[in-house]
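Okay, so here's the structure we're looking at.
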Amino acid sequence: MSFATAMEVNVEARRILAVSISKLYASRSQRGGLRLHRSLLLSMVMRSARDIYHSSRESELASGEQPAAEEPMDTNCDPKEKARLAPEPADSSADMAPEVPDKDESDCDVAEDKENHSPTKQSRKRRGKASAAPDFLPSKRARLEPGEERYAAPPGSCRAGLGDSLSALSLNQVIPAF
Amino acid sequence: MMAGPGGGSSDVQWCFSQVKGAMDDDVAEADIISTVEFNQSGELLATGDKGGRVVIFQQEPESKSQPLRRGEYNVYSTFQSHEPEFDYLKSLEIEEKINKIRWLPQKNAAHFLLSTNDKTIKLWKISERDKRPEGYNLKEEDGRYKDPSTVTTLRVPVLMPMDLMVEASPRRVFANAHTYHINSISINSDCETYLSADDLRINLWHQEITDRSFNIVDIKPANMEDLTEVITAAEFHPNQCNTFVYSSSKGTIRLCDMRASALCDKHTKMFEEPEDPNNRSFFSEIISSISDVKFSNNGRYMMTRDYLSIKIWDLCMETRPVETYQVHEYLRSKLCSLYENDCIFDKFECCWNGNDSVVMTGSYNNFFRMFDRGYQQDVTYEASRENSRPRSILKPRKISTGGKRKKDEISVDSLDFSKKIIHTAWHPLDNIIAVATTNNLYIFQDKLN
């Protein structure tokens, strides 16, 4: 994939992710409750967008471009996660992109489990930029309909992987949804 | 330009007959039509709306003075079927929107139908009253009790004719059996049972018994994280009372035999067409989700509707459909925009004509499409006020997909995606169709010569 195309795909994937997330939020306040079918389709699109985003970043990196500098995770990280994240800058840039998605998956599962058992541990939240704008996702765990838990996962797994610009991009869409 | 398919011959001409509903541009949300269904004789046509109301139209008998014109459909009964409810445990509002109406086969003078919203199914009895008793001994005509000391004679009350009154009364309420949102109900040919399907489960009910139902399909995974597909529609076979099908969001249809086991999680047949790798796109999964499944009247075929196409399956062949019809292939390159404006989630329905020779489904811009299976012809019509002069013949519409737009063609970019035809119904015996736009019901019939 040429760099130009990878960039386009990258931008498109992020846009679709942002649109999907705002749709997911909008559906929470819909009359009749969360629709399982719609939520499932949204999460499938989000997963595809995330996969495409990551694979296009890989080809960006492969063609020698530096990825946008990742903000350090918020200071409330678990020490365990800090230790995992710390070695990252030391790694070669080529290793970073493939590593991140794997981490995302395990982090996401672990993070979600954590969320299930102790709602206070919001380790993935970007508190650093919170003063400027609302959190990317609400800290209060929403009411659940059976099946809703499932769909907390994709946003969680997206958060770590995306650059800042996505959170800035999507906030404009997320805010009206509230 | 073909005259239009229908009834197995290619010379059917469709004409506007009637339009029901308010004609102003401001559509009240409660008036949005959410389901349309003819009864088995075609004499009655029921619609349900987002406000929880059911309106039933009855066809007038053909008049002797105009023998070649079919009777018009006029309002027969209107009633509030479902009200909004609140689930206190989950803090969720339950919408009153009527998702489906299904008529029971008629057994006596009264008519029965099942109507359902997201959570509750109701059996309604619609009956006529054209006589009332008069001449009570103890009551006045207005219902007040007489002073007994003024009663000096006895008489037998007699039945006197009165203006026809059509009453709708709820006879059964089938509640609390669905955790997820009900998408289908289907009446069994055994005339005793029916099924209801939500996103993850299908329940079997007896028409008389409301306090219990049998779960016959359950696709809920042990861990909801593993959820990959949901049930999108279900239907009983028209004459095999042990057979039903359900479609999924992954584009598969499973046929189940209730004789095989009590819980039909293991399908008897699975119908699935391998994906065309050339058509693989970002939104492939969404557009393969089946929005409707309908058996043919003869029970040998079934039809499925996904976002861009209609597929006809022979029940004996699971590997691929026997016929595929593109409804609006020109939308394939616009899936991203359709995702953004939510249209990609629209759940179009489809229907067969009485002898299974033609199938019909809706599209955008108030277009609807008919596919003649025998003559391999297809046609696009539009339900619009402009074509609403009595008995005006519908002109086939064409969408221009290439660069050059011919006269009378509509370009894809000028299609109005807010005007969609989701619900359509075909009279079981005759060439009469009911097509619902957002809040209007159009009735078309073929021109009788």
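Labels below follow one simple rule: chain letters A, B, ... track the order of the sequence lines, proteins then strands, and each chain is numbered from 1.
- Residues satisfying the side-chain hydrogen bond (donor to acceptor under 3.5 Å, both in side chains) test with B:His423, not counting sequence neighbours, are B:Glu349.
- Heavy-atom pairs under 4.5 Å with chain A were tallied for B:Asp198, B:Asn183, B:Asp118; the largest tally goes to B:Asp118.
- For chain B, no part of A:Ala13 is nearby; none of its heavy atoms comes within less than 4.5 Å.
- Between B:Phe348 and B:His328, a ring centre-to-centre spacing shorter than 6.0 Å is recorded.
- For the residue pair A:Asp51 / A:Ser48, no side-chain donor-acceptor distance below 3.5 Å is found, with atom types taken as modelled.
- For B:Ser284, no part sits under 4.5 Å from any heavy atom of chain A, backbone or side chain.
- Using a 4.5 Å cut-off between heavy atoms, B:Ile344 does not touch chain A at all.
- Using a 4.5 Å cut-off between heavy atoms, A:Ile52 touches chain B through its side chain atoms alone.
- Residue A:Glu12 touches chain B through its side chain alone, counting heavy-atom pairs closer than 4.5 Å.
- With sequence neighbours excluded, no residue satisfies ring-ring contact (aromatic ring centres under 6.0 Å, His included) with B:Tyr246.
- Only the side chain of B:Lys347 comes within contact range of chain A, with at least one heavy atom under 4.5 Å from a heavy atom of that chain.
- A cation-pi arrangement, defined by a distance under 6.0 Å to the six-membered ring centre and an angle within 45 degrees of its axis, is present between A:Lys23 and B:Tyr339.
- If you measure heavy-atom distances from B:Asp342 to chain A, the contacts under 4.5 Å come from both the backbone and the side chain.
- A donor atom on one side chain and an acceptor atom on the other are not found under 3.5 Å apart for B:Ser249 and B:Thr232.
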